[in-house]
Every structure is written in structure tokens, then in C-alpha cells.
Amino acid sequence: GVRDEQPAVAARRRPTRQVMVGDVPVGGDAPVSVQSMTITPTADVNATLQQIAELTAAGCQIVRVAVPSQDDADALPEIARKSKIPVIADIHFQPRYVFAAIDAGCAGVRVNPGNIKKFDDRVGEIARAASDAGVPIRIGVNAGSLDKRLLAKYGKVGPEALVESALWECSLFEEHGFQDLKISVKHHDPVTMVAAYQLLSERCDYPLHLGVTEAGPAFQGTIKSAVAFGALLWQGIGDTIRVSLSAPPVEEVKVGIGILESLGLRKRRLEVVSCPACGRAQVDVYSLAERVTAAFEGFPVPLRVAVMGCVVNGPGEAREADVGVSAGNGKGQIFVKGEVIKTVPESRIVETLVEEAMRIAEEMGTE
Ligand code: SF4
């Protein structure tokens with residue numbers, strides 16, 4: 001039926017401390033949140049706000065913007081004020097942009113203190129400013145940002161090197177009494193990435209931001225992220241996720257939400273249960289499944305909708321669906337909760353499924 005039962009939970013969440021990114025809690029018992037990053041020049045306030053609005057509509061809960069120049073830093077107050085979701089400023093080296101981001105009302109900053117220390121040791125001042133403003137900081141380690149000393153020690157960017165680097169970065173803040181931290185240890189290889197986060201989760205209780213870096217174009221990146229996040233979240237590791245794709249950021253959000261839904265960590269909005277088709281199929285299952293998915297986009301209640309390619313196995317296999325169709329001979333048998341209620345011509349299958357689904361939604365009183 002409609003998903004009100006508790007999903008089988010993957011694993012108990014690993015206990016982490018909680019930080020607040022604006023009004024979004026990350027870590028502790030907070031649900032795993034989905035984040036993404038804008039690809040517009042941050043200094044272009046309107047374009048950036050427009051993209052943030054699209055991400056928000058797609059379900060993004062936290063958004064990160066890059067701050068590579070003073071013009072970008074100057075845009076932060078307006079972006080932070082007008083965004084409906086918390087904004088994190090991503091800063092590489094310059095302490096002055098960190099202070100600007102905190103003053104601008106950003107909900108978080110991503111910066112590695114190791115970089116700051118090399119140029120101008122203002123880590124203590126940053127810790128104080130962030131602490132006064134209640135702004136958490138994410139330390140983000142990846143192959144590109146690994147300390148040279150550690151690269152020399154380990155010879156390559158493996159899990160140990162990533163974790164040691166991250167914990168060293170944390171210590172630079174801890175020595176100033178600042179612990180409002182989140183950590184990521186990203187890698188492009190899911191196996192290395194999973195091992196790194198496992199190790200990190202044994203060594204500290206900071207909330208963890210999961211990511212596979214440079215995961216690639218949408219298809220490959222989706223697979224890499226789903227496998228890596230799945231392996232970790234299944235063990236209760238991970239407090240917030242960012243899928244990185246060489247694709248529009250809204251796609252990252254959809255994939256991230258899909259991963260959480262697949263793991264039962266978030267209620268599904270719509271699940272289309274469609275058969276893979278086989279030699280018995282009497283309809284083009286792929287196109288029918290796609291048309292059904294499109295017709296149900298944004299449906300007001302979570303539903304499981306079945307699309308089966310033949311009447312032999314259809315209704316039986318899709319018994320758990322709220323509504324569904326078994327197609328054959330130019331017709332579709334429409335079933336609701338496992339009972340065939342009517343047969344319609346193939347051209348009316350999609351609209352009939354939507355009509356029946358609306359009826360279910362009305363019965364639930366959540367129209
Ligand atoms: Fe084949 Fe019918 Fe099963 Fe689809 S529902 S996979 S067409 S047997």
C-alpha cells in the first residue's frame with residue numbers, strides 16, 4: 001500500500017556530533033541531507049540565485065557556492081539573504097574571503113586550515129569568527145588538496161593519507177578550541193573512498209560529508225556515487241551527501257535523493273515498478289514506463305505504480321503496487337491494490353492510471 005510502514009532500516013546511524021548548517025542539522029540523529037553546488041559564477045547574483053531556486057525546487061537542502069575572487073565574496077550577502085536554503089561558501093586559500101562569508105551570513109564555510117596556515121596564519125581568528133557566528137566549517141580533503149608531507153610519507157593518495165590529512169586539518173582548529181566541523185575525504189575511486197570514510201569514522205565522531213570527486217558524466221558518476229554512498233550509508237556512515245556529476249547540478253540532487261530513497265533512508269515520493277520486458281511483452285514497456293513516470297512527476301502523494309508488459313505475470317508480480325497496468329493485445333488491464341478494476345485501450349492507459357491514482361490520493365485526504 002501507500003508507504004506508511006517503516007522501511008527496513010539499513011543500519012543504525014553511527015553516532016556523530018551534530019552541527020547546524022543554518023537551520024539544517026547535520027550529524028547526530030538528523031536525517032541524511034542532500035547538497036549540491038552551483039556552477040554559475042557566484043558574482044553573477046541573479047544567475048546564482050536562479051540556480052539555487054532550481055536546486056531548492058528539486059529538493060536540495062544545502063547549497064555550496066565557490067568564492068574564488070573578491071567579486072564573488074561581494075555577492076555573498078545578497079545570495080545568503082535571498083536563498084531559501086543554507087549557503088556554504090567554498091574557499092581555498094584567502095582568509096579574507098572566509099571572514100567575508102561569515103559576515104555575509106553564510107551558513108557554513110568549506111576551507112582547509114592547512115592552506116590558510118601556509119600563507120598567513122589566521123586560523124585562530126577564523127575559529128573565533130566562526131564560533132562567534134555559529135558557523136560550522138567543513139574540512140574537505142581530496143587528492144588535490146593532500147598535504148605534500150603526507151604524500152611523501154604514504155607515496156600515494158590512499159585511505160590512510162586522506163584520513164591523516166583530514167585529522168591534521170581538524171587539529172589546526174581544535175587547538176583553538178573549535179570543533180564545529182564536518183569532514184569529507186573524497187576520492188574518484190569508490191573503493192578508496194569507502195575505505196577512507198570507514199577509517200575516518202573509526203577515528204573521529206565529526207559528521208561526515210560523503211562525496212566521490214570527479215565521478216564523471218551522469219551515467220558513470222551516478223553508478224560510482226550510488227555504490228560508494230550505498231556501501232557507507234548501509235553501515236550507518238555518512239551525514240550529508242553530495243553527488244558530483246559532470247551534469248547540471250539539479251541532476252546531482254535527483255541522484256542523491258534517489259540514493260537515499262533506495263536505501264530506505266528517506267520516504268519515496270514515487271516509485272515506478274516496471275518490468276524489464278521479455279519475449280512475452282505485448283507493449284513497448286520502456287516507452288510506457290517513461291510516459292507513466294512523466295505523468296506522475298510531482299504527484300501529491302507517494303505511490304507505487306506498476307507497469308507490466310503482459311497479462312500473464314503482471315498483476316501477480318505487481319500486487320504491492322497502489323495502481324498498475326498489465327498491457328497486452330492493444331489493451332491495458334488496470335489494477336488497484338492487486339485487483340483488476342477495468343480494461344482500457346492502450347492509448348488510455350496513462351490517463352487512467354493517473355485518474356485512479358487521484359482517487360487514491362483523494363481517499364487519503366491529501367489532495
Ligand atoms: Fe515478461 Fe510479462 Fe514479466 Fe514483463 S511482466 S517481464 S513482459 S513476463
Side-chain angles (χ1 to χ4, degrees), residues 1-10 217-227 229-231 233-234 243 247 251 254-364:
V2 170
R3 243 105 289 105
D4 46 12
E5 73 268 21
Q6 284 293 312
V9 172
F219 181 75
Q220 180 188 292
T222 297
I223 292 175
K224 281 189 174 186
S225 301
V227 168
F229 294 6
L233 291 166
W234 191 258
V243 173
E251 299 304 314
K254 289 188 196 162
V255 171
I257 291 173
I259 291 171
L260 297 182
E261 288 180 345
S262 295
L263 287 163
L265 290 171
R266 187 180 281 215
K267 275 195 181 179
R268 256 185 207 284
R269 292 163 303 173
L270 170 70
E271 181 174 14
V272 175
V273 184
S274 58
C275 82
C278 71
R280 294 181 201 87
Q282 296 179 349
V283 70
D284 179 353
V285 177
Y286 304 168
S287 95
L288 185 57
E290 264 170 31
R291 279 184 288 134
V292 168
T293 304
F296 276 90
E297 196 172 318
F299 199 72
V301 300
L303 284 184
R304 191 177 284 159
V305 183
V307 177
M308 310 301 279
C310 74
V311 291
V312 184
N313 293 337
E317 282 185 17
R319 200 170 290 125
E320 286 185 15
D322 300 295
V323 296
V325 60
S326 314
N329 274 335
K331 296 198 260 308
Q333 281 185 344
I334 305 292
F335 50 90
V336 172
K337 318 258 183 209
E339 300 283 334
V340 176
I341 56 152
K342 63 171 87 162
T343 300
V344 298
E346 201 174 303
S347 60
R348 293 207 47 232
I349 289 175
V350 176
E351 61 186 285
T352 311
L353 285 174
V354 173
E355 276 164 28
E356 292 305 324
M358 294 299 272
R359 225 188 295 282
I360 295 174
E362 271 164 34
E363 278 166 23
M364 293 172 69

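Ligands are counted one by one from 1 in listed order, and the atoms in each one are counted from 1 as well.
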Report summary line: Which of Arg269, Lys254, Lys267 passes salt bridge (charged side-chain N to carboxylate O under 4.0 Å, His left out) with Glu261? Answer is Arg269
Query raised in the report: CG/Leu353 to CD/Glu356 distance, rounded to the nearest 0.5 angstrom?
Result: 8.5 Å
Output the list of atoms in ligand 1 that are nearer than 4.0 Å to some heavy atom of [X], sorted by atom number.
X: Gly309; result: 4 (Fe), 5 (S), 7 (S)
X: Ala281; result: 7 (S)
X: Cys275; result: 4 (Fe), 5 (S), 6 (S)
X: Arg280; result: 8 (S)

Requested in this report: Provide the full list of ring pair (Phe, Tyr, Trp, His ring centres under 6.0 Å) pairs with a residue in residues 259-289, sequence neighbours left out, each pair given once.
Outcome: none
Requested in this report: May I ask you to check whether Cys310 brings an N, O or S atom to under 2.8 Å from atom 2 (Fe) of ligand 1?
Outcome: yes
Query raised in the report: In chain order, what residues pass the side chain to side chain contact (heavy atoms under 4.5 Å, CB included) check against Glu346, with sequence neighbours excluded?
Result: Val283, Ile349
Requested in this report: Find out whether Ile334 and Val323 are in side-chain contact, i.e. whether some heavy atom of one side chain is under 4.5 Å from a heavy atom of the other.
Outcome: no
